[in-house]
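Have a look at the structure below, then the notes.
Residue numbering restarts at 1 for every chain, and letters A, B, ... go by the order of the sequence lines. Predicted model only: the values in this text are computed from it and were never measured.
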Amino acid sequence: MSAQRQLRFRALERAAGRRVLGLRRRGKYLLGELDGGLELVAHLGMTGSFRFRGEADGWQPDAYVRATFTLDDSSAASNSAVEARNLGASVLDFRDVRRFGTLAVVPAGDYRGLVTLAALGPEPLSDDFDPVRFHAALGRSRMAVKPWLLTQRPVAGVGNIYADEALWRARINPHARRVGRERSLALWTAIREVLSEAIQREGTTFRDYRMVNGESGRNADFLVAYGQAGRACRRCGTNLRKVVLGGRGTTYCPWCQRR
DNA sequence: CTAACTACCTGAACGC
DNA sequence: TGCGTTCAGGTAGTTA
């Protein structure tokens, strides 16, 4: 087993026999509180998904299942557990084609080695995400605004899709290193709107992303920037442009989002 | 400390 | 059809 593999699946065997006391989400991380002072940390990476194995759903494990959780109780008060009961399932598969996902069991709250989680910014839809502090942090950063958002430090949970969408709404050039107060407030608002709407539509599915019951999210049809290069901007009609910024594909309107 | 690279994987889409 | 290249929703480790 390579060092990388060890990083992606850390001490997972320590979850065996543990009771799941609670589940919560922080940014893109799913955190399970286990007994014995342990915590299960899960991240889907780019192609990961959790799937309940059940007859109603018809899902059967394939070659891309990297881990399997056998559950002996589906009565806990969580949405996932409700799904499990509906599907009559007791086995949860972690499927991940590209193996960029992470599963780790750590002492509760000990995020050494999970640097991004340790330095994770505020939840975007909570009061902790404050527009004044957001603007101040943006002022301290020397990075271009888009890669800065992707670090997860200014705010948790904004990935490549929602960064492009939010910057388009706020009319901010993704390369910008200085953003005025009005525009940074617009970005703060746009991030919350973009994420809220995507959550209402149960996520953005291109290929791999699936809900735990196997259904696709419905947000992909509503994207106005990400994946829309060459198409006309919905505001001004200019053709959207795609560039590489910080190693990530970035689509924006060269007119509305000019510097 | 921050910021910029690179590595990690596999499959789909594309060009010839 | 077949083969090579490029790209993809993210993070962690290394380097400067």
Quiz item: So does A:Thr47 get a side-chain nitrogen or oxygen closer than 4.0 Å to the phosphate oxygens (OP1/OP2) of B:dC9?
Solution: no

Quick note, A:Phe100 side chain, CB onward, closest among C:dA12, C:dG10, C:dG9 is C:dG10

| Phosphate-side-chain proximity, A:Gln152 and C:dG10, N/O vs OP1/OP2 below 4.0 Å | no

**Asked** Is the shortest side-chain N/O distance from A:His43 to OP1 or OP2 of C:dT11 below 4.0 Å?
**Response** yes

- How would you label the contact of A:Leu44 with the nucleic acid (heavy atoms, under 4.0 Å): base, sugar-phosphate, or nothing? nothing

Regarding the side chain of A:Lys28, the nearest nucleotide among C:dG9, C:dG10, C:dG13 is C:dG10

Side-chain donor/acceptor of A:Glu39 to backbone N/O of A:Val105, under 3.5 Å:
no

Quick note, A:Asn160 side chain, CB onward, closest among B:dA4, C:dG9, C:dA12 is C:dG9

Side-chain contact check for A:Arg8: nearest option of B:dC8, C:dT11, C:dG9 is B:dC8

A:Ile161 atom CD1 is separated from C:dC7 atom P, nearest whole Å, by 18 Å

#### Entry: Heavy-atom donor-acceptor pair, A:Arg98 side-chain to B:dC8 base, under 3.5 Å
no

Q. Is the shortest side-chain N/O distance from A:Arg140 to OP1 or OP2 of B:dT2 below 4.0 Å?
A. no

NZ or CZ of A:Arg66 within 45° of A:Phe9 ring axis and under 6.0 Å
no

The answer to which of A:Arg177 and A:Val97 contacts DNA chain B further toward the 5' end, by nearest nucleotide, is A:Arg177

Under 3.5 Å side-chain donor-acceptor pair for A:Thr250 and A:Lys146: yes

From CG of A:Leu117 across to P of C:dG13 the rounded distance in Å is 13 Å

Review point. If you measure from the P atom in B:dA7 to the same atom in C:dT6, how many Å do you get, rounded?
Key: 16 Å

C:dA8 phosphate, OP1 or OP2: any side-chain N/O from A:Lys242 under 4.0 angstrom? yes

A:Arg10 CZ to B:dC8 C1', in whole Å, measures 13 Å

- prompt: Which part of the nucleic acid, if any, lies within contact of A:Tyr226, taking any heavy atom under 4.0 Å across all strands shown: a base, the sugar-phosphate backbone alone, or nothing?
  reply: sugar-phosphate

By the Watson-Crick or G-U definition, both distances under 3.5 Å, C:dT14 is matched with B:dA4

- [ ] Return yes if some donor-acceptor pair links the side-chain N/O of A:Gln257 with the main-chain N/O of A:Ile172 below 3.5 Å, else return no.
- [x] yes

To the nearest angstrom, the CG-C1' distance between A:Leu120 and C:dT11 comes to 12 Å

request  = Please check if atom CZ in A:Arg235 has more than 12 non-hydrogen atoms from other residues, nucleotides or ligands closer than 6.0 Å.
outcome  = yes

A:Leu114 CG to C:dG10 C1', in whole Å, measures 13 Å

Would you please confirm or rule out a distance under 4.0 Å between OP1 or OP2 of C:dG10 and any side-chain N or O of A:Arg248? yes

Would A:Arg169 and A:Glu197 pass as an ion pair if we require N to O under 4.0 Å? yes

Whichever of A:Arg153 and A:Gly246 has the more 5' nearest nucleotide on DNA chain B, that residue is A:Arg153

note: A:Phe206, atom CZ; C:dG9, atom C1'; distance rounded to Å ~ 7 Å

Touch check for A:Ser141, heavy atoms < 4.0 angstrom, all strands: base, sugar-phosphate only, or nothing?
sugar-phosphate

A:Leu150 CG to B:dA3 P, in whole Å, measures 14 Å

Between C:dG9 and B:dC14, how far apart are the P atoms? Round to whole Å, please. 16 Å

